[in-house]
Amino acid sequence: MAPIKVVLLDIEGTVCPISFVKDVLFPYALEALPGTLKAKWDSPEFAPYRAAFPAEHAGSQESLAAHVRDLMSKDLKISYLKSLQGYLWETGYRNGELKAPLFPDVAPQLARWREHGGAKVMIYSSGSVPAQKLLFGHTNGEPSDILPWLSDFFDTVNAGPKQEKASYEKIAAKHQEYPIGEWLFLSDNVKEVEAAKQAGMQSYIVDRPGNAELSEEARKQHRVVKSFEEIGDL
């Protein structure tokens with residue numbers, strides 16, 4: 001196997017619990033939404049978020065709010081929704097109400113990979129890039145802000161859907177100094193791992209507390225790790 005020069009990380013279920021997104025971030029966004037719409041509806045600051053919504057939902061605060069609630073109830077990963085969620089979460093992160101609960105092994109191992117092996121660490125999540133940066137800039141660790149440890153960020157807008165081979169090829173193509181076989185993608189999602197491998201990356205399934213149960217077939221076909229410490233030095 002080729003040496004690993006880039007570690008590409010999923011977020012929920014990989015570096016932090018799925019429950020943080022479902023039980024903390026989503027409810028926070030829904031609670032903040034009505035007040036934000038009322039305060040910011042006609043502001044230039046909010047205009048790009050409102051304009052990104054389909055016209056039939058962007059005409060009134062009530063219509064937009066109802067559409068957001070509908071999309072979130074179905075857990076649909078639509079780019080304009082993800083952008084708005086990031087905007088809503090920003091206040092919570094900035095005032096300390098929100099802190100991302102990284103699994104205990106994550107920050108120490110990221111630091112180790114960077115300092116000892118020189119591997120680049122990058123992020124690929126369905127959450128928008130601004131939301132990713134908020135999360136890694138406000139963690140429960142010490143230091144709280146680990147953005148300086150991360151070299152690049154990808155989402156479904158700048159890379160594409162996470163279960164498609166072409167998205168991983170596009171990500172690797174942005175950093176052509178690292179052959180695609182020298183990338184390691186870590187995710188809790190089996191289909192994402194399979195897509196990354198089809199593109200030529202190395203990829204492991206991360207099995208964290210609270211994640212969906214893995215099938216025996218998935219365990220046979222892919223390497224499964226419960227902690228980044230199992231990967232060791234790169």
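In what follows, residues are counted from 1 in the order of the sequence shown.
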Q: Nearest 0.5 Å please: distance from the OG atom of Ser144 over to the CD atom of Glu142.
A: 7.5 Å

Report all side-chain donor-acceptor pairs from residues 82-89 shorter than 3.5 Å, counting only partners two or more places apart or in another chain.
residue: Ser83; atom: OG; partner: Ser79; partner atom: O; Å: 3.2
residue: Tyr87; atom: OH; partner: Glu45; partner atom: OE2; Å: 2.6
residue: Trp89; atom: NE1; partner: Leu25; partner atom: O; Å: 2.7

Q.
Quick check: do Gln109 and Ile231 have side-chain heavy atoms less than 4.5 Å from each other?
A. no

(Q) Within a 6.0 Å radius of atom CD on Gln163, are there more than 12 heavy atoms belonging to other residues, nucleotides or ligands? (A) yes

Q. For Lys197, does the NZ atom sit with more than 12 other heavy atoms under 6.0 Å from it, leaving out its own atoms?
A. yes

Q) Same hydrophobic cluster for Val15 and Leu147, using side-chain heavy-atom links shorter than 4.5 Å among ILVMFWY? A) yes

Q) Is His138 reaching over with its side chain to a backbone N or O of Leu134, donor-acceptor style, under 3.5 angstrom? A) yes

Q | Non-hydrogen side-chain atoms of Trp113 and Ile4 separated by less than 4.5 Å | A | no

Q.
If I take atom NZ from residue Lys226 and atom CG from residue Asp207, how far apart are they, to the nearest 0.5 angstrom?
A. 4.0 Å

Side-chain donor-acceptor pairs under 3.5 Å in residues 93-102, sequence neighbours left out?
residue: Arg94; atom: NE; partner: Glu90; partner atom: OE2; Å: 3.4
residue: Arg94; atom: NH2; partner: Glu90; partner atom: OE2; Å: 3.0
residue: Asn95; atom: OD1; partner: Glu97; partner atom: N; Å: 2.9
residue: Asn95; atom: ND2; partner: Thr91; partner atom: O; Å: 3.3
residue: Asn95; atom: ND2; partner: Glu97; partner atom: OE2; Å: 2.7
residue: Glu97; atom: OE2; partner: Tyr28; partner atom: OH; Å: 3.3

**Q.** Straight-line distance of Ile171 CD1 to Asp152 CG, nearest 0.5 Å
**A.** 9.0 Å

Q. Once the angle between the rings of Phe136 and Phe153 is folded into 0 to 90°, is it parallel (under 30°), tilted (30 to 60°) or perpendicular (over 60°)?
A. tilted

Q. Any salt bridge between Asp42 and Arg50, counting N to O under 4.0 Å?
A. yes

(Q) Salt bridge or not between Lys77 and Asp155? Use side-chain N to carboxylate O under 4.0 Å. (A) no

**Q.** Min side-chain heavy-atom separation Lys120-His175 under 4.5 Å
**A.** no

Q: Step by step, work out the side-chain hydrogen bond (donor to acceptor under 3.5 Å, both in side chains) result for His67 and Tyr80.
A: CA-CA 11 Å; His67 185 51; Tyr80 60 80; 2.8 Å; yes

Q) What pair of heavy atoms forms the shortest contact from Ala65 to Leu33, and how long is it? A) CA-CD2, 3.8 Å

Q | Within 6.0 angstrom of Glu177 CD, more than 12 heavy atoms from elsewhere | A | yes

Q.
Restricting to non-hydrogen atoms, name the atom on Gly160 and the atom on Ser167 that form the minimum distance, rounded to 0.1 Å.
A. C-OG, 3.2 Å

Q: Quick one: pull up CG in Leu9 and CG in Leu186 and give me the separation to the nearest 0.5 Å.
A: 5.5 Å

Q: Locate the shortest heavy-atom distance separating Ala199 from Glu169; write the atom from each residue and the value.
A: CB-CG, 3.8 Å

Q. Are Val129 and Gln132 side-chain neighbours, meaning at least one heavy-atom pair lies under 4.5 Å?
A. yes

Q | Same apolar cluster (I L V M F W Y, side chains within < 4.5 Å links), Leu71/Phe46 | A | yes

Q. Yes or no on side chain to side chain contact (heavy atoms under 4.5 Å, CB included) for Tyr204 and Val193, after CA distance, side-chain angles and deciding distance?
A. CA-CA 7 Å; Tyr204 307 154; Val193 166; over 6 Å; no

Q) Parallel, tilted or perpendicular: which fits the ring planes of Tyr124 and Phe185, with parallel below 30° and perpendicular above 60°? A) tilted

(Q) Using ring centroids (six-membered ring only for Trp), state whether Tyr168 and Trp183 fall under 6.0 Å. (A) no

Q) Does the side chain of Thr36 come within less than 4.5 Å of Tyr49's, by heavy atoms? A) no

**Q.** Charged N-O contact under 4.0 Å between Glu12 and Lys22
**A.** yes

(Q) Quick check for you: to the nearest 0.5 Å, what is the distance between Glu192 atom CD and Thr14 atom OG1? (A) 7.5 Å

Q.
If I compare all heavy atoms of Ser125 with all of Ile11, which pair ends up nearest, and what's the gap?
A. CB-CD1, 3.7 Å

Q | Heavy atoms of other groups near Lys162 NZ, more than 12 under 6.0 Å | A | yes

Q: Answer whether the closest heavy-atom distance between the side chains of Leu234 and Val7 falls below 4.5 Å.
A: yes

Q: Can you measure from OG (Ser126) to CG (Asp75) and round to the nearest 0.5 angstrom?
A: 8.0 Å

Q: State plainly whether one hydrophobic cluster holds both Phe103 and Phe228, where clusters connect Ile, Leu, Val, Met, Phe, Trp and Tyr through side-chain heavy atoms under 4.5 angstrom apart.
A: yes

